[in-house]
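Fair warning: this is a prediction, and the values are worked out from it, not measured in the lab. FYI, side chains are in, hydrogens and waters are out, and symmetry mates aren't considered; it's all heavy atoms of this structure.
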Amino acid sequence: MDQVNNINPTGASTGETPPAVPSSAAPPADATPSRKKPGRRGGCLPWAIIAAVLIAIFAIWKFPSFKAQAELGSAYAARVGCSCRYVQGRSLESCQSDFEPGMEMVSLSEDSAMKTVTGSVPLLASRSARYAGASGCLMQPDN
C-alpha cells in the first residue's frame, strides 16, 4: 500500500518543480555555536589554588601556637644577637650562626646608633633587645 500524506503533489504531473532540499552538510542558520570545553588548567582550578593559599595564610596568622613560637623565636634571636654583637664584639652575620636548628625563618637587623638588635619572623613577630652597658642586653617592651 502506498503511503498517504497531506502534502499536495508536485512534479511532472502537476507542472511544478519540487522545493530545494537543504544540504545535510551545512548547519542550519539558526544553530548556536558550540561552547569550547575548558581545558584541564581552566575552569575553577586557579580559584581553588587561590582559596587554598588564602586559607593557609589565615590559619598561620590566627593559629596561636605559630604566633607564640614566632614571638619566642624572635625574642630569643634578638637577645642572643645583641649579646653576641655588643658584648662579644662579633659581626651580626657571625652571630646568626649561633641560632638553634629550626630558626632559619628568624632574621636579625641592627641599629648601631641605639645599640639595638631586632629579631623578626616575617609577618608574625618582631622583638628588639638593647645593649645597656654593664647590665648586658635587655629586651625592649613589646608595644
*Considering residues, nucleotides and ligands other than Leu54, do more than 12 of their heavy atoms fall under 6.0 Å from its CG?*
yes
_A quick test of your reading: do over 12 heavy atoms of other residues, nucleotides or ligands sit less than 6.0 Å from CE of Met114?_
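No, the 6.0 Å shell around CE holds no more than 12 heavy atoms from other groups.
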Count I, L, V, M, F, W, Y as connected when their side-chain heavy atoms are under 4.5 Å apart, and connections chain through other members. Are [X] and [Y] then in the same cluster?
| X | Y | result |
| --- | --- | --- |
| Leu123 | Val121 | yes |
| Leu72 | Val117 | no |
| Leu92 | Val87 | yes |

*Taking atom types as modelled, find out whether Ser107 and Ser120 have a side-chain donor-acceptor pair closer than 3.5 angstrom.*
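Yes.
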*Given side chains that start at C-beta, do those of Arg85 and Tyr131 come closer than 4.5 Å, heavy atoms only?*
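No, their side chains stay 4.5 Å or more apart.
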*Are any non-hydrogen side-chain atoms of Ser97 and Arg90 less than 4.5 angstrom apart?*
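Yes - at least one pair of side-chain heavy atoms lies under 4.5 Å apart.
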If you look at every heavy atom in [X] and [Y], which pair is closest and at what distance?
| X | Y | value |
| --- | --- | --- |
| Ser126 | Thr118 | OG-CG2, 3.3 Å |
| Gly73 | Met103 | O-CE, 3.5 Å |
| Phe99 | Val106 | CE1-O, 4.1 Å |
| Leu138 | Ala132 | CD1-CB, 3.8 Å |
| Leu124 | Glu71 | O-OE2, 4.2 Å |
| Ser74 | Gly119 | CB-O, 3.3 Å |

_Under 3.5 Å donor-acceptor, Arg130 side chain and Lys115 backbone_ = no
*Check: Ala125 main-chain N/O paired with Lys67 side-chain donor or acceptor under 3.5 Å*: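 No; zero donor-acceptor contacts below 3.5 Å.
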*asked:* Suppose the criterion is disulfide (SG to SG under 2.5 Å): which pairs have a residue in residues 51-88, not counting sequence neighbours?
replied: Cys82-Cys137, Cys84-Cys95
*List for me each residue that meets side-chain hydrogen bond (donor to acceptor under 3.5 Å, both in side chains) alongside Thr116, sequence neighbours excluded, and say none if there are none.*
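Scan of Thr116 (side-chain hydrogen bond (donor to acceptor under 3.5 Å, both in side chains), adjacent residues dropped) gives none.
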